[in-house]
Amino acid sequence: MKTITVRYFAVFREHAGLDEETLTLDAQSAVDVFVATRDRHGSAEPSGHCKVAINDVMADWDSPVNDGDTVLLFPPVAGG
Amino acid sequence: MKTITVRYFAVFREHAGLDEETLTLDAQSAVDVFVATRDRHGSAEPSGHCKVAINDVMADWDSPVNDGDTVLLFPPVAGG
Amino acid sequence: MISITSDVIDPDLLRRTLFDPGAGAFTSFEGWIRNENEGHSVLRLEYEAYEPLALTEGRSILTEAQDRFPHLHAHCVHRIGLLEIGECAVWVGVSSPHRDEAFLACRYIIDQIKIRLPIWKKEHYADGHSGWVNCERCGSHA
Amino acid sequence: MISITSDVIDPDLLRRTLFDPGAGAFTSFEGWIRNENEGHSVLRLEYEAYEPLALTEGRSILTEAQDRFPHLHAHCVHRIGLLEIGECAVWVGVSSPHRDEAFLACRYIIDQIKIRLPIWKKEHYADGHSGWVNCERCGSHA
């Protein structure tokens, strides 16, 4: 089990009802964190259109997560 | 023979040494006026890259010219 | 250079930062808040950015453009916060010796900004509802 | 709208004429006087236009763009007279609901303006010589 801080943005923050939380998870990669928080907060967004960063660096869904990491979950972006 | 007023622009004006002149020519179409003035003022510019207007309306080189017309001779344009 | 700001964007000030005696062409793009999206009447928009990564990603995009088009100067500013109809949400400007590269680079930068920067917008509708806008590639094109 | 002027071009004033609550995209092009052309060091440029036909032809170009891209607003101003390095010789701005049309229309307008308007420029070089610039299609691209 790993202690992961998860940060939510935009619609994910509204679904979660909070900016961030620290979870203890059995997660190997970023997508495991995504799925665990989706189940937890009832979001239906597929990961395909979303992005993820680990410790403020853009990452892939199969990037490994380590104990103590901060995982940032970005819903589909819409700048401009 | 037709009386044609010819107006020169940019490099054509410099070649002719004047803004406009009224000539009596045996000209059927705009290109005849072009060739006559080119011979007269020693310009070497081919008509292909140039444009012509008759009485302030853009015309083709084979557009007919009539007695009393004003023919405007435009060297290659370079706006912008 | 890229920046994120909650202040009104000043295009005239920004274009001056791109002056260069060797530049013959300047192009700019501005994204304006419009009063309609996909059939909904929009009153205003709310932009949110995750600034640290929006800036990192924005700098990467500008560097990519400059690698592709030599002698290019490029600058981008993105608004955040609450914006009213007609306001400028994003400004992209480039200058370069010739216009081919200026148009291509400006288009490249705004396209990449819209799909890569962690920025989100929430539309507030005339009917009282509001909704987060999906990304470009998922649906509507702005 | 198109105009020919010997006054300094004010881009900020011009872009405001294109505001429209339904416009989500704005693009502009500016042609700046640069200090070099085909290996020659340029000090300044002198523009000459035959205004009656430059305006007629310019209006035709803007109408063609608006016919092709609905909901387009477009505006163009061309300077004449003596211009120094860095000055804006031509400004083209368009606004439209989406950016695809804005980029395409802006590019269409400046391309057509450069090849169709009866406007000529004379370069004054650092070596004291001067010369009329040949049209785009005949040689150099600006």
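Chain letters run A, B, ... following the sequence lines, proteins first, then strands; residues in each count from 1. Atom set for the values below is all heavy atoms of this structure, side chains included, hydrogens, waters and symmetry mates excluded.
When all heavy atoms of C:Ser130 and C:Lys122 are compared, the closest pair comes out as OG-CE, 3.5 Å. Across all non-hydrogen atoms, the minimal contact from C:Lys121 to C:Leu45 is CD-CD1, 3.9 Å.
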| message | side-chain contact (heavy atoms from CB on, under 4.5 Å), that's the test. Do C:Tyr50 and A:Asp56 meet it? Break it down for me. | response | CA-CA 10 Å; C:Tyr50 180 57; A:Asp56 269 0; 2.4 Å; yes
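Not a single donor-acceptor pair under 3.5 Å links the side chain of A:Asp69 to the backbone N or O of A:Val71.
The part of C:Leu53 that comes within reach of chain A is its side chain, from C-beta onward, which places non-hydrogen atoms under 4.5 angstrom from that chain. For chain A, the nearby part of C:Pro52 is the side chain; its heavy atoms alone come within less than 4.5 Å. Heavy atoms closer than 4.5 Å to chain A are found nowhere in C:Glu30, neither backbone nor side chain.
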